[in-house]
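Numbering starts at 1 and runs along the sequence shown. Reckoned from all heavy atoms, side chains included, excluding hydrogens, waters and symmetry mates.
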Amino acid sequence: HTKANLMAELQKIKRTVGKLDADSPHETLLVVDASTGSNALSQAREFHNALGLTGLIVTKLDGSGKGGIVLAIQNELGIPTRFVGTGEKLDDFAPFDRKTYLENLL
């Protein structure tokens, strides 16, 4: 998110895809590591300003980080969490469930 030229490339990709299909992109998702902490909020701000994020994917919820930063991202930017990753297997990737997430966080 600190590389202006790469952010411009992402904006160009979004515009190009939009030319091919007026309804696209259907989702613009940011993937954040649960252990990243407050830097994830900075990343979300920058990507949201550049691309208009529609959702968040949080990975590594099985580690020491609990992913509390998703609450700050939701609160400040209104970006909903769509999926979570809790391991390395396909079955460890699932749609976000608010109740389960809060139970595990607390």
Asker: What's the verdict on side-chain contact (heavy atoms from CB on, under 4.5 Å) for Leu77 and Leu53, showing C-alpha distance, side-chain angles and the deciding distance?
Answerer: CA-CA 9 Å; Leu77 303 173; Leu53 298 175; over 6 Å; no
Asker: Using a cut-off of 6.0 Å, state whether more than 12 heavy atoms not belonging to Leu20 lie near its atom CG.
Answerer: yes
Asker: Please list, chain by chain and in numerical order, all residues satisfying salt bridge (charged side-chain N to carboxylate O under 4.0 Å, His left out) with Glu9, sequence neighbours excluded.
Answerer: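 So Glu9 forms no salt bridge (charged side-chain N to carboxylate O under 4.0 Å, His left out) with any residue.
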Asker: Keeping the roles fixed (side chain from Gln11, backbone from Ala50), state whether a donor-acceptor pair exists under 3.5 Å.
Answerer: yes
Asker: Give, for atom CG of Leu41 and atom CD of Glu46, the distance between the pair rounded to the nearest 0.5 Å.
Answerer: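 Separation between the atoms: 10.5 Å.
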Asker: Report the relative orientation of the aromatic rings in Phe93 and Phe83; use parallel for angles under 30°, tilted for 30 to 60°, perpendicular for over 60°.
Answerer: parallel
Asker: Measure the shortest side-chain to side-chain distance between Val31 and Thr59 over non-hydrogen atoms and say whether it is less than 4.5 angstrom.
Answerer: yes
Asker: Can you name the nearest heavy-atom pair linking Val58 to Ala34, along with the distance?
Answerer: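 For Val58 and Ala34, the tightest heavy-atom pair comes out as CG1-CB, 3.8 Å.
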Asker: How about Leu10 and Leu51: do any of their side-chain heavy atoms sit closer than 4.5 Å?
Answerer: yes
Asker: Does Leu71 offer a backbone N or O that forms a donor-acceptor pair with the side chain of Asn75 under 3.5 Å?
Answerer: no
Asker: Between Thr81 and Gln74, is there a side-chain heavy-atom distance shorter than 4.5 Å?
Answerer: no
Asker: What pairs with Glu27 under side-chain hydrogen bond (donor to acceptor under 3.5 Å, both in side chains), at least two apart in sequence or on another chain?
Answerer: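 Glu27: side-chain hydrogen bond (donor to acceptor under 3.5 Å, both in side chains) contacts with Thr54, Arg82.
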Asker: Do Thr36 and Ile69 come within less than 4.5 Å of each other through their side chains, counting heavy atoms only?
Answerer: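 Thr36 does not reach Ile69 side chain to side chain.
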Asker: Quick one: pull up NZ in Lys19 and CG in Asp21 and give me the separation to the nearest 0.5 Å.
Answerer: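 Nearest 0.5 Å value for the NZ-CG distance: 14.0 Å.
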Asker: Is the backbone of Lys89 close enough, under 3.5 Å, to the side chain of Asp92 for a donor and an acceptor to pair up by distance?
Answerer: yes
Asker: Not counting sequence neighbours, which residues clear side-chain hydrogen bond (donor to acceptor under 3.5 Å, both in side chains) with Asp97? List them please.
Answerer: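 Per chain and number, Asp97 pairs via side-chain hydrogen bond (donor to acceptor under 3.5 Å, both in side chains) with Thr100.
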